[in-house]
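Convention: sequence-line order gives letters A, B, ...; per-chain numbering from 1. Model, not experiment: these values are computed from the prediction.
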2 protein chains.
Amino acid sequence: MKKGVTIKDIAKKLNMSVSTVSKALSNHANISDLTKERVRRLAKDWNYVPNEAARHFKQSKSFTLGVVIPDLIDQFFVAAIRGVEEIAGKHKYQVIIAQSHEDPDKEEQIIKNLISNRVDGVIITISKNTNKSDLFTQLEQNGIPVVFLTRSFGQPIFNNVTADNIHAGSLAIDYLYQLGHRRIAHLMGPKILSTSHQRLEAYKKALEKLKIDFDLQLLREIDFSEEKTHQAMRELLKVKNPPTAFFVFKTYVSLDAINYVKIHHPKLLPKIDIIGFGNLPLIKYLDIKPKASLEENSYEMGLKAASLLMKLINNPTGSEPPVSIKIPCELIIH
Amino acid sequence: MKKGVTIKDIAKKLNMSVSTVSKALSNHANISDLTKERVRRLAKDWNYVPNEAARHFKQSKSFTLGVVIPDLIDQFFVAAIRGVEEIAGKHKYQVIIAQSHEDPDKEEQIIKNLISNRVDGVIITISKNTNKSDLFTQLEQNGIPVVFLTRSFGQPIFNNVTADNIHAGSLAIDYLYQLGHRRIAHLMGPKILSTSHQRLEAYKKALEKLKIDFDLQLLREIDFSEEKTHQAMRELLKVKNPPTAFFVFKTYVSLDAINYVKIHHPKLLPKIDIIGFGNLPLIKYLDIKPKASLEENSYEMGLKAASLLMKLINNPTGSEPPVSIKIPCELIIH
DNA sequence: TTGTAGGCGTTATCAC
DNA sequence: GTGATAACGCCTACAA
């Protein structure tokens, strides 16, 4: 007896009913200790493993969270996932990870799949090209709660966990100001993401507080590609009164920006300071680092997102207003 | 009608039997086109999504592959996973990823979970501390085929996909020799991993071919931690006739090694050459790069491992001998 | 071409 | 304390 043992097999061998065995295994109150003992013993001997597929089917719960992210190559998400796994584990939940590779079609396919598989909840960082939200509405209509991580749509119509972008922006800009910079550029994220707007706003507000006029020439939208970032840097450095500091949407963009200066304006390198969102492990290995990084605490974001999701799963709400959680950033000086 | 539509609902509405609906949806041959059309139409209108949980349960297949790896922070695995997803997708299989964080207990728990969830196959890179193989035997006894990726046990008793370590070693050592190095050290991986032994053997063979005597003083075992690597470097650089080149088990170890030299012997930096396994994306951002990297083609390893696994799933063998696939490495000079 | 019936493994309800 | 039975959603012989 080695493969596919079921409670039925156990029941037959022990001359009892399947329901007794089932109850014994789940330590039900009104099963005698002797019976429980006998059942457990045989289950162990026979290496019984409950068929989760059947159990999920029966309970119409999968005890699984779906996590949809753009790309695992981005260490931000890896840390966040670790946070999600932490919480999920505590609730005996599985985590299933899927990558959209920033492709909305792939993303849609993934979501459909998650619905088919009846995951109990979803944590998602939408792709940079996702512009419609009906899929997510559909998820919620199917009784599957969703929490947006870091990126979200313009209107906060969904639960979300994001960095406290406004505060982070002022941390960064203030520090650059302290260092003597007065011409500070912003490499902003794709306009389609609400995060980009929040960070742009943070930039503007921080400048205003410092009585620096916002200069449209110092603003460039990037799309995370190396080419776009290089192009933006080329243009920015050509401006009459060029920027000496850069406030950047994301670590990987900072790195490309630094690379650009290194290649095309090596003399400028010591004069230029860059601060971006994200303090990723790989920064440790860099020789030319950003001046500072905004630690987004993505692990903690993962924790918070998963906790919120578990709460939503266990207390299905009628139609409460969406929750927004902001995680503070710290400025890490390198 | 918005939530949890089943074929039963559709059948009732259309006044037909569930089996007709089921067949219509799966495009069975002997269902009239008209019927198929009517069913599909309503299914679409009602936003019917098949309940995979039920389907899996019924077919006692999950159409899911389990991938167990040490850590997603390692870009090697991220690329490999991409390969796995590629193949899995073609077969309409899901991929579920789990991290052991190099902890054998966590690894065991993951495997048990995968068995409970009746995954159809498993691809695993064992943790650096895993020393027993009975769990994997148990998987195979449960009819769940396993493919080992990169790391494996001493005896090749399991299917595995690894780098062609012997050839890679000679590529690296030969190149270092060409550059004039005669004192070449090896930072070897944990002795528990067969990969470590293969790479050590590659090192010895390559030296032999070049008529360089193997010097035990130039060999150090590391465990991937920064401390161990730094300690190894400290010791190696104290040897009478110290090494001028290093053949390294793994990219992240190379980076720590470079960091050590940078901090403690900056003058040596230009004189020392390092070549390690792995050509990870992050290398692009480094200023002080290894002299060269052995591109392990981990994406391709993922592809091959998944293809092999799918074959094993679809043609369950009696007890054929395990398959070993070797993927050639290329030397990438930076 | 369509319908009927049984079953996959588990749990919950109710009866004994 | 224990057992019989129905049910979850889907698939598939087999019957009509």
Side-chain angles (χ1 to χ4, degrees), chain A residues 1 3-40 42-43 46-64 92 113 115-120 142-143, chain B residues 1-40 42-43 46-64 92 115-120 142-143:
Chain A
M1 182 75 43
K3 188 187 149 178
V5 182
T6 71
I7 46 176
K8 200 191 264 176
D9 299 320
I10 296 180
K12 197 184 297 169
K13 173 75 178 178
L14 258 33
N15 269 321
M16 28 178 128
S17 73
V18 283
S19 53
T20 305
V21 176
S22 173
K23 283 172 196 157
L25 286 171
S26 54
N27 201 21
H28 196 286
N30 48 14
I31 294 288
S32 72
D33 285 348
L34 174 61
T35 303
K36 282 182 187 169
E37 186 46 33
R38 294 211 302 144
V39 169
R40 284 187 195 139
L42 186 61
W46 279 3
N47 214 349
Y48 166 76
V49 185
N51 184 331
E52 296 295 333
R55 190 178 251 166
H56 297 168
F57 165 53
K58 168 71 179 171
Q59 307 187 199
S60 64
K61 281 199 83 177
S62 62
F63 298 96
T64 301
K92 309 264 183 209
N113 221 298
I115 298 180
S116 290
N117 284 281
R118 303 290 194 269
V119 294
D120 296 336
N142 274 279
Chain B
M1 183 76 41
K2 58 180 161 191
K3 187 186 148 176
V5 182
T6 71
I7 48 175
K8 199 193 264 176
D9 300 320
I10 296 180
K12 197 184 295 169
K13 174 73 176 179
L14 260 33
N15 268 320
M16 29 178 128
S17 73
V18 282
S19 60
T20 305
V21 175
S22 172
K23 285 173 193 158
L25 286 171
S26 53
N27 202 21
H28 198 286
N30 47 19
I31 294 288
S32 72
D33 285 348
L34 174 61
T35 303
K36 284 182 186 168
E37 186 47 34
R38 293 211 303 146
V39 170
R40 284 188 194 138
L42 186 62
W46 277 4
N47 216 350
Y48 165 75
V49 185
N51 183 331
E52 295 295 334
R55 193 178 251 167
H56 296 167
F57 166 52
K58 166 71 181 173
Q59 308 187 201
S60 64
K61 282 200 81 178
S62 62
F63 297 97
T64 301
K92 310 262 183 215
I115 298 180
S116 290
N117 284 282
R118 303 291 196 267
V119 295
D120 295 337
N142 274 279

For B/K13, does the NZ atom have more than 12 heavy-atom neighbours from other residues, nucleotides or ligands under 6.0 Å away? no
B/M16 has an atom CE; how far is it from atom P of C/dT1, in whole Å? 14 Å
Judged by modelled atom types alone, do B/N117 and A/R55 share a side-chain donor-acceptor pair under 3.5 Å? no
Does A/S26 reach a base, just sugar-phosphate, or nothing at all? Heavy atoms under 4.0 Å. nothing
Side chains of B/S22 and B/S19, donor plus acceptor under 3.5 Å: no
Could you state the CZ-P distance from A/R55 to C/dC8, rounded to the nearest angstrom? 18 Å
Check against side-chain contact (heavy atoms from CB on, under 4.5 Å), A/Y48 and A/L25: CA-CA 11 Å; A/Y48 166 76; A/L25 286 171; 3.7 Å; yes
Report yes or no: is the ring centroid of B/F57 under 5.5 Å from the six-membered base ring centroid of C/dC8, with the two planes under 30 degrees? yes
CD1 of B/I7 versus P of C/dA5: gap in Å, rounded? 16 Å
In whole angstrom, give the distance that lies between atom NE2 of B/H28 and atom P of C/dT2. 12 Å
Take A/R38 and A/T35 through the side-chain contact (heavy atoms from CB on, under 4.5 Å) test and state the conclusion after the steps. CA-CA 5 Å; A/R38 294 211 302 144; A/T35 303; 5.7 Å; no
Using a 4.0 Å heavy-atom cut-off, does A/K8 contact any base of the nucleic acid, only the sugar-phosphate backbone, or nothing at all? sugar-phosphate
Is the number of heavy atoms from other residues, nucleotides or ligands under 6.0 Å of A/K61 NZ greater than 12? yes
Distance test, side-chain N/O of A/S22 to OP1/OP2 of C/dT11, below 4.0 Å: yes
Show your reasoning for whether side-chain contact (heavy atoms from CB on, under 4.5 Å) applies to A/F63 and A/H56. CA-CA 8 Å; A/F63 298 96; A/H56 297 168; 3.9 Å; yes
For C/dT10, does either OP1 or OP2 sit under 4.0 Å from a side-chain N or O belonging to A/Y48? yes
B/K12 NZ - C/dG3 C1' separation (whole Å): 17 Å
Taking any heavy-atom pair under 4.0 Å as a contact, classify A/N51: base, sugar-phosphate, or nothing. sugar-phosphate
How close or far is atom C1' of C/dG9 from atom CG of A/D9, stated in whole angstroms? 10 Å
Where the side chain of B/S19 is defined as all heavy atoms beyond and including C-beta, which of C/dT2, C/dG3, C/dA12 is the nearest nucleotide? C/dG3
Residue pair B/R118/B/K58 against DNA chain C: nearer the 5' end by closest nucleotide is B/K58
Tell me the interatomic distance from B/K23, atom NZ, to C/dG3, atom P, rounded to whole angstroms. 9 Å
Earliest and latest nucleotide of DNA chain D, 5' to 3', sitting under 4.0 Å from a non-hydrogen atom of chain B? D/dC8 to D/dA13
